[in-house]
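Any value given below was found using the heavy atoms of this structure, including those in side chains, with hydrogens, waters and symmetry copies removed. Sequential numbering from 1 along the given sequence is applied to the chain's residues. Here the structure is a predicted model, which means the values were calculated and not measured.
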Amino acid sequence: MRYLPDGEQMKKADQYTIQQIGVPSVVLMERAALKIVEVLEEKKKDLRRPLIVCGSGNNGGDGFAVARLLAEKGCHVDVLFTGRESSMTEECRLQAQIDKNLGINLFTEIPEKEYTVIIDAIFGVGLCREVAGHYRDVIGWMNRQTAQKVAVDIPSGICSATGKVLGIAFQAELTVSMACQKRGCALYPGQICAGEVVPVTIGIDPEYFFEQKSVCMTYDKKELGNLLPERKEDSHKGSFGRVLMITGSPGMAGAAYLSATAAYTVGAGLVQIYTAEENRQVLQGLLPEAIISCYREYDEEKLDQLIGWADVICIGCGLGQSSRSEKILLHTIEKAKCPCVIDADGLNLLAGRKDLYKKLGKNMILTPHMKEMSRLTGISVSEIAERRFEVLHRFTEESPCICVLKDSRTIVAQKDRQNFLNLAGNAAMAKGGSGDVLAGVITGLLAQGMDGFQSAVTGVFLHACGGDEARDKKGGYSVLARDLIHGIQVAMKKAKECN
């Protein structure tokens with residue numbers, strides 16, 4: 001697990017290291033410069049004629065220190081100072097003075113020379129305003145150059161909390177990030193501007209964020225094997241849970257098939273699909289491993305029997321939004337004592353009953369995409385995209401449920417838990433049926449006794465890893481939802497073999 005702090009959270013960790021641990025700020029700066037140069041050499045950047053562009057804050061101080069270290073290695077270094085001398089921090093002023101004492105070429109106007117690499121150290125993680133004036137001109141000039149481009153900590157112009165471009169942003173191919181990758185470099189479009197992100201250790205312990213509930217965390221693929229549930233040798237199908245999939249209105253057998261198959265794929269012991277009678281023949285042919293139970297009309301007695309049988313319920317995939325579907329959903333929410341995953345049409349039906357939000361238990365997992373989240377909250381998609389963490393925080397404060405907000409960067413949130421931000425997956429997964437597979441994956445993990453929040457986190461991550469495997473096999477255009485299931489099988493096998 002690793003952490004993805006925003007600028008304010010990182011500043012607090014920085015201050016804790018300086019004030020409580022006792023590591024001087026200038027020592028952190030020296031370590032940062034050493035690590036930046038180390039990464040530049042490891043990544044084989046062309047350091048014959050580097051230009052370091054420095055601001056007046058500590059990010060600029062890092063840049064001045066890098067210039068000195070490169071000059072000591074014999075590089076022909078130039079430094080462009082874009083800040084205000086009156087605004088320089090103490091550490092930045094010190095590093096700039098050392099460069100002057102060493103005779104490093106320092107100037108304040110945009111040069112007409114060509115460089116092999118441009119290193120951006122203008123703004124750090126604290127930037128929260130639109131970039132304008134001289135700064136905008138400098139960043140625009142930097143972006144137009146043919147030199148290799150590297151950012152210090154975060155590309156100048158990117159909001160460290162949201163990944164938003166604040167007017168203009170430096171287009172880096174490599175970002176060397178202090179202690180942790182910043183959240184804004186993991187979200188779009190910040191991720192595009194950051195390029196490859198390499199976190200480096202400088203003396204700030206990332207475990208400082210362990211108790212900080214507002215800090216996002218994520219996983220790397222090498223950790224997947226440790227996240228998957230164990231399967232004891234002396235087990236039987238009952239050991240791995242009974243899953244009830246309430247899915248598929250007439251003509252929507254595909255959603256029922258994909259979600260049920262995904263639940264089986266990740267290890268659920270027994271899956272029963274409760275669906276419209278019209279889907280029986282198709283599902284029996286597609287998935288003979290599943291029990292198929294069907295309805296023609298709303299049957300409360302039958303529904304109660306199935307709810308009582310299940311260890312886990314998934315409801316909503318292709319369910320439709322008829323009055324019959326609404327009755328099935330509301331009765332399930334009222335009567336179910338086991339964990340439930342509510343997806344797709346289940347969410348759209350729930351959006352009309354906001355009085356139920358506070359009644360959703362801690363074992364309820366909602367999996368909305370951005371439009372479904374808009375219906376649930378009454379907030380526009382654009383506003384959710386702008387303030388997704390704030391919207392999720394408010395939603396989960398009002399309801400004890402777990403919320404999986406699906407997007408190119410999916411977030412899993414629950415009250416009093418650290419948000420999980422998924423960095424795996426790819427654009428090939430943006431196809432119909434992908435959400436049905438995810439709902440099934442989360443349900444199948446729940447069935448094996450995993451904690452609800454961890455099931456959602458692991459399910460999102462595993463689903464994305466499967467998407468990467470599917471893309472590697474089928475390419476970026478041709479991946480179908482069914483290919484994700486095979487990709488998940490491959491990802492799980494690899495993870496356990498590596499583990």
Side-chain angles (χ1 to χ4, degrees), residues 1-10 13 125 153-155 158-164 175 177-199 206-224 226-227 365-370 373 384-397 401-427 429-430 434-435 438 441-442 451-468:
M1 181 174 70
R2 57 189 175 95
Y3 300 100
L4 301 167
D6 63 21
E8 283 302 312
Q9 293 158 351
M10 196 66 225
V125 295
D153 208 19
I154 187 170
I158 293 297
C159 175
S160 66
T162 67
K164 179 183 177 182
T175 296
S177 194
M178 305 310 122
C180 302
Q181 179 179 0
K182 307 308 179 288
R183 192 170 79 188
C185 291
L187 297 169
Y188 293 102
Q191 192 274 334
I192 297 171
C193 294
E196 180 186 3
V197 179
V198 179
E207 287 306 305
Y208 167 82
F209 299 117
F210 180 74
E211 296 293 340
Q212 310 294 320
K213 301 302 182 185
S214 61
V215 178
C216 285
M217 59 91 169
T218 193
Y219 288 113
D220 294 320
K221 288 184 179 179
K222 62 185 178 182
E223 300 175 272
L224 179 58
N226 290 326
L227 299 174
I365 301 176
L366 311 188
T367 58
H369 55 55
M370 297 292 271
M373 192 66 180
I384 293 172
E386 180 84 15
R387 303 186 298 108
R388 65 190 72 204
F389 291 96
E390 181 184 335
V391 170
L392 268 173
H393 176 74
R394 187 186 306 168
F395 185 80
T396 53
E397 282 289 314
C401 70
I402 300 158
C403 187
V404 177
L405 179 57
K406 298 182 293 192
D407 197 28
S408 56
R409 287 288 186 249
T410 295
I411 306 166
V412 182
Q414 187 179 29
K415 185 177 180 180
D416 297 328
R417 303 290 290 263
Q418 283 184 313
N419 290 338
F420 169 76
L421 180 61
N422 178 58
L423 303 187
N426 59 84
M429 301 170 67
S434 180
L438 175 59
V441 169
I442 295 172
D451 162 78
F453 184 79
Q454 197 58 43
S455 293
V457 168
T458 304
V460 167
F461 186 45
L462 174 57
H463 178 257
C465 291
D468 287 338

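Among all heavy-atom pairs drawn from F209 and Q418, the shortest one is O-NE2, 2.8 Å. In terms of heavy atoms, N426 sits closest to G467 at ND2-O, 3.1 Å. The minimum heavy-atom distance between A456 and V404, with the atom names listed, is CB-CG2, 3.9 Å. When all heavy atoms of I158 and C193 are compared, the pair lying nearest together is CD1-SG, 3.8 Å. The minimum heavy-atom distance linking N419 with A413 is given by the pair OD1-CB, 3.3 Å. The minimum heavy-atom distance linking M10 with P5 is given by the pair SD-CG, 3.7 Å.
A salt bridge links D220 with R2: the closest approach of a Lys/Arg side-chain nitrogen to an acidic carboxylate oxygen falls below 4.0 angstrom. A salt bridge is defined here as a Lys NZ or Arg NE, NH1 or NH2 lying under 4.0 Å from an Asp or Glu carboxylate O, and K182 with D6 fails to meet this definition.
Atom SG in C401 sits 4.0 Å away from atom CG in L366 (nearest 0.5 Å). Rounding to the nearest 0.5 angstrom, the gap separating the CG atom in L421 from the CD atom in Q181 is 9.0 Å. With rounding to the nearest 0.5 Å, the separation of SG in C159 from CG in L187 is 9.5 Å.
Side-chain contact annotation: T162 with E386, donor-acceptor N/O pair under 3.5 Å absent.
L438 has its side chain within reach of V460: a pair of non-hydrogen atoms, C-beta onward, lies under 4.5 Å apart. Using a 4.5 Å heavy-atom cutoff, the side chains of L423 and R409 are in contact. Using a 4.5 Å heavy-atom threshold, the side chains of T218 and N422 count as separate. Residues Y219 and L224 are not in side-chain contact: their nearest non-hydrogen atoms beyond the backbone lie 4.5 Å or more apart. Side-chain contact check for V391 versus M373: some heavy-atom pair is nearer than 4.5 Å. At least one side-chain heavy atom of Y3 sits under 4.5 Å from a side-chain heavy atom of E207. Taking the side chain as every heavy atom from C-beta outward, P206 and P199 never approach each other to under 4.5 Å. E196 has its side chain out of reach of T175: every pair of non-hydrogen atoms, C-beta onward, lies at least 4.5 Å apart.
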D153 and V125: CA distance, side-chain angles, deciding distance, side-chain contact (heavy atoms from CB on, under 4.5 Å) verdict: CA-CA 8 Å; D153 208 19; V125 295; 3.4 Å; yes
Check against side-chain contact (heavy atoms from CB on, under 4.5 Å), M217 and L4: CA-CA 6 Å; M217 59 91 169; L4 301 167; over 6 Å; no
Steps toward side-chain contact (heavy atoms from CB on, under 4.5 Å) verdict (D407, R388): CA-CA 10 Å; D407 197 28; R388 65 190 72 204; 3.0 Å; yes
CA sep, side-chain torsions, deciding dist, call: M370, L405, side-chain contact (heavy atoms from CB on, under 4.5 Å): CA-CA 7 Å; M370 297 292 271; L405 179 57; 3.8 Å; yes
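At distances below 3.5 Å, at least one donor-acceptor pair connects side-chain atoms of Q9 with backbone N or O atoms of S214. Side-chain atoms of T396 come within 3.5 Å of backbone N or O of H393 as a donor-acceptor pair. Without hydrogens or angle criteria, H463 side chain to S434 main chain gives a donor-acceptor distance under 3.5 Å. In this structure, D451 contributes its side chain and Q454 its backbone to a donor-acceptor pair below 3.5 Å. A distance-only check finds a donor-acceptor pair linking the side chain of S160 to the backbone of G7 [under 3.5 Å].
Within 6.0 Å of atom NE2 in H369, more than 12 heavy atoms from other residues, nucleotides or ligands are found, so the atom counts as buried in its surroundings. Remark: K164 NZ is loosely packed, at most 12 non-hydrogen atoms of other residues, nucleotides or ligands lying under 6.0 Å away.
Under the 6.0 Å distance and 45° angle rule, R183 counts as a cation-pi partner of F389.
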